[in-house]
Amino acid sequence: MKNAMGMVFLARTILTKPNCPASASKLRYYSSLPSSPLANNKLFVGGLSWSVDEKSLTDAFSSFGEVTEVNILYDKDTGRSRGFGFVNFSKEDDARCAKDAMDGKALLGRPLRISFALEKVRGGPVVVPHLSKIGDIATRNT
DNA sequence: TATGAGCGA
């Protein structure tokens, strides 16, 4: 079984994440203001083929780092993929690496359009009470 | 059935 070693090397080759020379942009933004609406660990992946599911997306991106979350948005009615999704990495270097490497590359026949995801609502939704309801309650309780 | 810019339960 001299192929066993070869298999190990093959596996290591697949599992080894490609090194990213473009990791020089380790700038940190110290502003407390939401000046950058871009998430650093999360990628917006558009241009997905409608036959791509979360598993194939994970397989396509997990070689660049630790993928912590993968979401594909499906249409409520038809159940079909809406053609885009989100891939979350544990390190932003890996996310940038995957973006640089996979942006424009085709997956299942369609070129991927990758960019950093827009930062989702920070701290949860802000519930603004409706003024008419408040008036209602006020008149009812007096 | 076929279709293709964008940012989410």
Side-chain angles (χ1 to χ4, degrees), chain A residues 3-142:
Chain A
N3 286 342
M5 214 39 130
M7 293 295 287
V8 171
F9 276 117
L10 180 60
R12 288 180 61 90
T13 307
I14 294 177
L15 295 179
T16 297
K17 79 173 184 180
N19 34 341
C20 292
S23 61
S25 49
K26 294 203 171 185
L27 292 179
R28 293 283 179 182
Y29 295 167
Y30 290 103
S31 166
S32 60
L33 297 175
S35 58
S36 169
L38 297 183
N40 47 1
N41 291 178
K42 189 173 289 188
L43 297 180
F44 168 83
V45 183
L48 290 177
S49 172
W50 292 320
S51 50
V52 171
D53 57 350
E54 278 121 350
K55 171 168 167 35
S56 48
L57 247 197
T58 308
D59 291 344
F61 281 88
S62 56
S63 61
F64 299 97
E66 185 186 357
V67 175
T68 60
E69 186 181 15
V70 173
N71 296 144
I72 291 185
L73 302 179
Y74 294 94
D75 189 85
K76 291 196 299 287
D77 306 320
T78 68
R80 193 183 57 186
S81 162
R82 289 172 62 184
F84 69 93
F86 299 92
V87 177
N88 205 323
F89 284 88
S90 59
K91 304 174 196 52
E92 70 169 293
D93 283 339
D94 296 339
R96 204 168 25 231
C97 178
K99 173 184 177 303
D100 294 342
M102 296 294 287
D103 194 14
K105 292 293 194 60
L107 179 62
L108 265 54
R110 292 199 69 89
L112 266 42
R113 306 172 45 128
I114 306 182
S115 55
F116 287 99
L118 299 179
E119 195 60 88
K120 224 161 114 182
V121 188
R122 192 186 304 263
V126 179
V127 178
V128 179
H130 209 276
L131 292 181
S132 62
K133 299 281 176 62
I134 295 182
D136 258 2
I137 297 175
T139 52
R140 244 184 314 179
N141 288 347
T142 49

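In what follows, chains carry the letters A, B, and so on, assigned in the order in which the sequence lines appear, proteins first and then strands, with residues in each chain numbered from 1. Because the structure is predicted, anything quoted here is derived from the model rather than measured.
Taking 4.0 Å as the cutoff to heavy atoms of chain A, we find the contact window on DNA chain B bounded by B/dT3 to B/dA9.
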Which atom pairs, donor and acceptor, lie under 3.5 Å between side-chain atoms of residues 105-116 of chain A and protein residues at least two apart or in another chain?
none

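Legend: salt bridge (Lys or Arg N to Asp or Glu O under 4.0 Å) pairs involving residues 37-50 of chain A, not counting sequence neighbours: none detected. Sorted by first and then second residue, the side chain to side chain donor-acceptor pair (under 3.5 Å) pairs with a member in residues 79-91 of chain A read A/Glu66-A/Ser90; sequence neighbours excluded. Residue pairs meeting the disulfide bond (SG atoms under 2.5 Å apart) criterion with at least one partner in residues 46-96 of chain A, sequence neighbours excluded, are absent. Sorted by first and then second residue, the disulfide bond (SG atoms under 2.5 Å apart) pairs involving residues 48-103 of chain A (not counting sequence neighbours) are A/Cys20-A/Cys97.
Of the residues near DNA chain B, A/Arg80 and A/Phe86, the one whose nearest nucleotide (by heavy atom distance) lies more toward the 5' end is A/Arg80.
For DNA chain B, the neighbouring residues in residues 68-76 of chain A, judged by any heavy atom under 4.0 Å, are A/Asn71, A/Leu73.
Partners of A/Thr58 under the side-chain hydrogen bond (donor to acceptor under 3.5 Å, both in side chains) rule, at least two apart in sequence or in another chain, do not exist in this structure. Qualifying salt bridge (charged side-chain N to carboxylate O under 4.0 Å, His left out) partners for A/Asp59, counting only residues two or more places apart in sequence or in other chains: A/Lys55.
The residue A/Ser49 sits close to a base: some heavy atom pair falls under 4.0 Å. Within 4.0 Å of A/Gly47, counting heavy atoms only, lies at least one base atom of the nucleic acid.
Note that CZ of A/Arg96 and CG of A/Asn41 are 10.0 Å apart. Values are rounded to the nearest 0.5 Å.
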